[in-house]
Amino acid sequence: MSTSLVPLQVVVQTPAHSGVAATLSYTHTKPLPAGTLVRVPLGAREVLGVVWDTPGDGAPQAEPARLRAIAAVLQGLAPLDDAWRRLVAFAAGYYQRSLGEIALMALPPSLRGLSAEQLGRRLRRKPNAQTANAPASAPANADQAGADLIALSAEQESVTAEIDTKTGPFLLFGSTGSGKTEVYLQAVAAALAADAQGQVLVLVPEINLTPQLQARFLARFAPLYGADAIVSLHSGMTHPQRLRSWLAAHTGSARIVLGTRMAIFASLPRLALIVVDEEHDASYKQQEGARYSARDLAVWRARDAGAKVVLGSATPSLESWHASDPAVGRYQRLCMPSRIGAARLPRLRLVDMAQQPRAAVFAPPLLAAITGRVERGEQCLVLLNRRGFAPVLHCHACGWKSDCPQCSATRVFHKLDRSLRCHHCGLASRVPRACPGCGNPDILPLGRGTEQLEELLAQLLRNVITPERRAARVARIDADTTRAKGALQTQLAQVHAGDVDVLVGTQMVAKGHDFRRITLVAAVQPDNALFSSDFRAPERLFSLLMQAGGRAGRDALYMAAHGSAPELWVQTWHPEHPLFAALGAHDYPAFAARQLAEREAAAMPPFSHQALLRADARTQETAQAFLQAAALAARAAQLPGLAQTFLYPPVPLAVQRVANVERAQMLLESASRRALQQLMSAWQPLLHAERARHKGLVRWLLDVDPQAI
Ligand code: ADP
Ligand code: ZN
Ligand code: ZN
């Protein structure tokens with residue numbers, strides 16, 4: 001019967017650098033369309049696979065009789081379409097990963113574990129997920145709902161018209177509070193009304209921003225398309241929830257998918273629009289495994305699928321800003337400089353720390369300003385990018401520091417549970433009673449984290465009374481206070497309800513939230529970023545401060561009723577730094593112009609393209625030796641693209657050792673994206689070969705378009 005067997009190429013999950021061919025060959029009794037999900041034997045296991053159309057490089061083309069047979073076909077699921085497979089193939093190629101890794105990463109985890117029968121049952125149990133389309137609604141309804149709810153500002157009106165009539169890609173450059181979300185809603189409404197099966201993908205940088213956004217999307221679109229037509233997709237969901245959302249998107253019953261970066265790989269057969277909110281946010285770049293940029297893939301995917309894409313930000317990435325320069329013209333820039341309802345942007349109050357009492361954590365004028373706001377019933381937000389109580393414990397008798405034994409970093413003192421915790425490897429232990437070096441009982445915290453600021457502020461404001469005649473309340477929101485499920489939502493609800501007067505937090509609270517009563521925002525220690533060795537640090541600081549400032553004074557009516565004006569306070573030792581001048585003028589274009597001029601002069605991104613070759617090893621010497629050898633091998637082989645690519649010498653990472661692994665990297669830079677891509681692809685086999693020669697090498701990896709150098 002072997003004559004009736006059909007050979008098929010199947011993609012399965014393969015470790016990143018296993019050297020396994022891109023696709024494996026199997027047989028089946030009849031041909032299967034590309035994109036069909038199957039279960040196949042792999043070694044002694046049975047795994048999920050996707051039928052692919054073309055044989056991968058070097059796939060063994062054995063006689064069908066000698067190949068193993070597909071174990072099962074996942075019935076009842078339409079094959080993943082060509083567009084999805086093109087996206088996966090592009091991402092694998094561009095980010096230098098295996099097809100199998102990207103394809104399987106792009107599928108919901110619980111699909112991997114389900115047998116064909118189990119999936120069949122799951123699909124039958126959820127009739128919702130199987131219906132091909134949500135109830136189609138007349139476009140007239142959609143228009144009406146959009147129009148009924150809100151009168152667009154003039155800027156929203158004109159920007160919406162542009163998105164309607166032009167093709168993009170669009171960069172929506174709108175101040176904080178200019179009403180960008182409303183523009184997204186309008187664009188979504190138009191896309192859904194134009195195609196009765198059209199689908200929209202909305203990406204946000206953080207899981208914690210999805211509930212507020214989801215509520216707005218539900219309020220707007222559930223009446224039109226049903227609540228089931230709007231689903232979320234992010235890593236905070238349980239596996240069954242993710243599977244349900246994924247199936248809804250794949251079958252077309254979900255018209256709107258809201259998610260974090262992973263959602264870029266959702267199967268969306270009728271994709272009409274992608275929105276990327278806060279497109280500058282670093283969290284769109286995956287920082288481990290396949291290091292893809294969901295924002296960049298969004299632009300690629302939209303173009304490939306003939307969909308529109310809107311990137312939005314008050315402080316766009318310099319890459320996107322440059323691309324939307326009329327002289328470059330790759331993106332279309334849309335501007336909304338004004339805040340909704342005549343709300344004003346916060347005034348910058350720079351505090352020169354050199355003029356303040358020594359060792360003051362809060363400069364007296366800032367403390368007075370916070371006190372005044374709280375006494376008037378307004379809320380304040382205090383920002384510090386470091387959680388814990390103090391970044392290090394120190395013995396002044398012998399110089400002992402709370403170093404992490406496994407990392408080149410200190411362990412952070414958390415006072416609440418009296419622990420020392422390493423934020424790099426997670427190692428935690430109890431605070432020693434006395435100095436482990438000399439027995440001195442007085443070991444002291446050095447520096448400050450959010451935990452300490454909260455404690456200090458509560459102390460400083462203990463006699464301050466609010467208009468409701470109660471004592472001022474200080475609360476903290478950071479990764480430590482929000483570990484429990486739902487904790488963040490509860491804490492944010494308390495802020496929104498006015499139960500908190502001063503909120504202390506990390507950047508987690510600076511982004512996106514639509515606070516209505518915060519009128520003062522303070523950054524107490526932002527200086528580190530001014531002189532960081534990472535060329536993107538100023539860009540990140542500027543956008544963080546703009547974002548944070550954007551949380552103040554968002555509600556024009558509230559501000560008017562209180563006769564209040566919003567302020568952004570910044571404590572710095574370098575008030576003359578030009579970054580602050582641009583910040584004070586709310587002048588992102590001026591800041592961007594200067595940064596871009598510097599980058600152009602130094603031939604840095606976006607005027608060049610970068611990748612990192614990273615090596616992790618038992619010793620720093622081994623890590624660097626691998627990188628040296630890799631560079632030599634590339635030169636010896638005269639790899640394509642090498643002539644147009646500059647290879648920097650290997651260097652240790654800023655945090656050189658983590659969990660007892662030494663880390664080194666080599667920067668690759670080229671004026672030509674193509675040359676850099678060619679080089680990396682050709683390099684892969686040499687890197688595999690080189691690896692075997694370096695005992696003690698733990699791993700190597702390529703990071704394309706790295707965010708941190
Ligand atoms: P952004 O995302 O640009 O910071 P938002 O979209 O959150 O701003 O809008 C800021 C606030 O203004 C929100 O509370 C929103 O509901 C409100 N808003 C937006 N557009 C309008 C409008 N046309 N009329 C009245 N309020 C609006
Ligand atoms: Zn000591
Ligand atoms: Zn550590």
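Note that the numbering runs from 1 along the sequence shown for the chain. Numbering of ligands and ligand atoms starts at 1, following listing order.
The shortest contact between atom 14 (O) of ligand 1 and any protein heavy atom is with Asp514 OD2, 2.7 Å. Nearest protein heavy-atom neighbour of atom 15 (C) of ligand 1: Arg216 NH2, 3.7 Å. Protein heavy atom closest to atom 7 (O) of ligand 1, with residue, atom name and distance, is Arg554 NH2, 3.2 Å. The protein atom (non-hydrogen) at minimum distance from atom 9 (O) of ligand 1 is Gly179 CA, 3.5 Å. Distance from atom 27 (C) of ligand 1 to its nearest protein heavy atom, with residue and atom name: Ile340 CG2, 3.5 Å.
Checked against Leu334 for a side chain to side chain contact (heavy atoms under 4.5 Å, CB included), the options Ile163, Thr160, Leu171 give a single hit: Ile163.
The closest approach between Arg339 and ligand 1 stays at or above 4.0 Å for every heavy atom of the residue. Taking 4.0 Å as the cut-off, Gly177 counts as a neighbour of ligand 1 on heavy-atom distance. Within the 4.0 Å heavy-atom cutoff, Arg516 counts among the residues contacting ligand 1.
In summary, the side chains of Ser564 and Glu378 do present a donor paired with an acceptor at a separation below 3.5 Å, with no hydrogens or angles considered.
Contacts between Gln156 and ligand 1, counted as non-hydrogen atom pairs separated by less than 4.0 Å, involve the side chain only. Under 4.0 Å from ligand 1, the heavy atoms of Ser153 that appear belong solely to its backbone. The proximity of His513 to ligand 1, defined as any non-hydrogen pair under 4.0 Å, does not occur for either the backbone or the side chain.
Between Lys180 and ligand 1, at least one pair of N/O atoms sits closer than 3.5 Å.
The Zn ion (ligand 2) lies under 2.8 Å from an N, O or S atom belonging to Cys398. The nearest N, O or S atom of Cys422 is closer to the Zn ion (ligand 3) than 2.8 Å. Coordination check, His424 versus the Zn ion (ligand 3): failed, since every N/O/S atom of the residue sits at 2.8 Å or beyond.
Using a 4.0 Å cut-off to heavy atoms of Ser175, the atoms of ligand 1 that qualify are 3 (O). Listed by atom number, the atoms of ligand 1 under 4.0 Å from Ala151 heavy atoms are 22 (C), 23 (N), 24 (N). Taking every non-hydrogen atom of Thr176 and a distance limit under 4.0 Å, the qualifying atoms of ligand 1 come out as 4 (O). Ligand 1 places these atoms under 4.0 Å from at least one heavy atom of Thr181: 2 (O), 5 (P), 6 (O), 7 (O).
Scanning both residues, Val309 and Ala302, for their nearest heavy atoms gives CB-CB, 3.6 Å. In plain terms, the two heavy atoms of Cys395 and Cys438 that are nearest each other are SG-SG, 3.7 Å. The nearest pair of heavy atoms linking Ile709 to Leu612 is CD1-CD2, 4.5 Å. Nearest heavy atom pair, residue Met546 against residue Tyr588, reads CE-CB, 4.4 Å.
A salt bridge between Asp281 and Arg261 is absent, with no side-chain N of the basic residue lying under 4.0 Å from a carboxylate O of the acidic one. A salt bridge links Asp403 with Lys401: the closest approach of a Lys/Arg side-chain nitrogen to an acidic carboxylate oxygen falls below 4.0 angstrom.
Counting heavy atoms from C-beta outward, Ser320 and Val299 have side chains that stay 4.5 Å or more apart.
Because its NZ or CZ atom is both nearer than 6.0 Å to the ring centre of Trp321 and within 45° of the ring axis, Arg333 counts as a cation-pi partner of that residue. Cation-pi check for Arg295 over Tyr284 is not met; the charged atom does not lie both under 6.0 angstrom from the ring centroid and within 45 degrees of its normal.
Separation of the Tyr184 and Phe217 ring centroids does not fall under the 6.0 Å cut-off.
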